[in-house]
Amino acid sequence: MSSPSNVGALHAGLLTTLGTGIASGELAAEQVLTLDRLSAEYEVSRSVAREVIRVLESMGMVESRRRVGITVQPARKWNVFDPRLIRWRLHAGDRAAMLASLSELRRGFEPAAAALAARRADPDQCRILAAAVSDMVVHGRSGDLDAYLLADKVFHRTLLDASGNEMFRALNDVVAEVLAGRTEHGLMPDSPNPAAIELHDEVARAIRLRDEDAAERAMRAIIDEAATAVKEGDRPDA
């Protein structure tokens, strides 16, 4: 009998395998799957396979119908904001196109969130932003990219929280996956760009000083810098 931890690992493993397969196109749209096939091929119980399919259904990636089976859905039906799907697409899809799309999305809301944060941030949030920038400086100099990523995530999460807008706040996991994707796929330089860190400092300072225009402008510059760095880092000869 499988332990709960083993069942959880089997569930997570099959979810990642199928999700990545669909995201990459290996499991093509309109392809039909069955629980029996999944259970046999991946050596999991039908109950584990069924739960994984339920998750993928909630993400719009498959559809289950009686007498038809489990049909892989086309990309236009996917919940593209789901952080798991973003992770899978960055891992197995057209990474350059995905990151370009995400950069365009970020341009549409993070500068506006920064402007709202300059209006609404409380003193504690201002302190967290400043501390996150300080951590980015320290870890950028040491080349500790994992610690740098953590500080970067704290900065952007706090900024979205400080906007006071629940819709912006709900996009935190999307931004976190973009930031993590750069590190995990080798699209960050060994030493983070000091200019990028300075821009984060400008955002934090503008928010503290209630300068909405400056906060919005500096945040837009952060996204533009990241998009340019990713484009250069994803070149075959980079």
Test side chain to side chain contact (heavy atoms under 4.5 Å, CB included) applied to L38 and V44, step by step
CA-CA 8 Å; L38 294 174; V44 298; 5.7 Å; no
Run L105 and F81 through side chain to side chain contact (heavy atoms under 4.5 Å, CB included) and show every step you take.
CA-CA 10 Å; L105 172 66; F81 292 107; 3.7 Å; yes
Should M219 and L159 be marked as a side chain to side chain contact (heavy atoms under 4.5 Å, CB included) after you check the CA-CA gap, both sets of side-chain angles, and the distance that decides it?
CA-CA 10 Å; M219 178 53 67; L159 182 139; 3.4 Å; yes
Using the rule given for side chain to side chain contact (heavy atoms under 4.5 Å, CB included), can you reason through W88 versus L15, listing the C-alpha separation, both sets of side-chain angles and the distance that settles it, and then say yes or no?
CA-CA 10 Å; W88 296 334; L15 179 61; 3.9 Å; yes
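A salt bridge between R54 and E51 is present, with a side-chain N of the basic residue lying under 4.0 Å from a carboxylate O of the acidic one. Between D201 and R205, at least one side-chain N (NZ, or NE/NH1/NH2) sits under 4.0 Å from a carboxylate O, which counts as a salt bridge.
Here the closest non-hydrogen pair linking A121 and R210 is O-NH2, 2.6 Å. What you find for A215 and I207 is that their closest heavy atoms are CB-CG1, 4.2 Å. Of all heavy-atom pairs between I86 and V80, the closest is CG1-O, 3.6 Å. Minimum interatomic distance between R208 and C126 (heavy atoms only, all atoms of both residues): CA-SG, 3.9 Å. The minimum heavy-atom distance linking V55 with R84 is given by the pair CG1-NH1, 3.5 Å. Contact detail for T71 and V68: the closest heavy-atom pair is OG1-CG1, 3.8 Å.
Side-chain atoms of P192 and L145, non-hydrogen and from C-beta on, do get closer than 4.5 Å to each other. Under the 4.5 Å side-chain criterion, counting only non-hydrogen atoms from C-beta, K153 is in contact with L149. At least one side-chain heavy atom of I53 sits under 4.5 Å from a side-chain heavy atom of V62. Side-chain contact between V154 and R157 is present, with at least one heavy-atom pair separated by less than 4.5 Å. Put simply, the side chain of R107 reaches to within 4.5 Å of the side chain of D224, judged on heavy atoms. Looking at S45 and R50, their side chains never come closer than 4.5 Å, going by heavy atoms from C-beta outward.
In this structure a side-chain-to-backbone donor-acceptor pair under 3.5 Å is missing from S163 to A117. In terms of modelled atom types and a separation under 3.5 Å, the side chain of T20 and the main chain of T17 share no donor-acceptor contact. Remark: the backbone N or O of Q73 is paired with a side-chain donor or acceptor of W78 at under 3.5 angstrom. The main-chain N or O of P111 is never found under 3.5 Å from a side-chain atom of R217 such that the two would form a donor-acceptor pair. With Q125 contributing its side chain and D122 its backbone, the two residues share a donor-acceptor pair below 3.5 Å. Checking side-chain atoms of E57 against main-chain N and O of S64 turns up a donor-acceptor pair under 3.5 Å. The backbone N or O of L160 sits nowhere less than 3.5 Å from a side-chain atom of R169 that would complete a donor-acceptor pair.
To the nearest 0.5 Å, the span separating NE2 on H139 from CG on D152 amounts to 11.5 Å. Rounding to the nearest 0.5 angstrom, the gap separating the CG atom in D211 from the CD atom in E202 is 10.5 Å. With rounding to the nearest 0.5 angstrom, the CG atom of N193 is 4.5 Å from the CD atom of E225. The line from CD1 of I128 to OG1 of T158 is 5.0 Å long, rounded to the nearest 0.5 Å. R87 contributes atom CZ, which lies 7.5 Å from atom OG1 of T16 (distance to the nearest 0.5 angstrom). Rounding to the nearest 0.5 angstrom, the gap separating the CG atom in L102 from the CZ atom in R89 is 8.0 Å.
Ring-plane geometry between F155 and H200 is classed as perpendicular, the angle between the planes exceeding 60 degrees on a 0 to 90 degree scale with a lower cut at 30.
Following chains of ILVMFWY side-chain contacts shorter than 4.5 Å, one cannot reach V178 starting from L150, and the two form parts of different hydrophobic clusters.
Side-chain polar atoms of H91 and E184 form no donor-acceptor pair below 3.5 angstrom.
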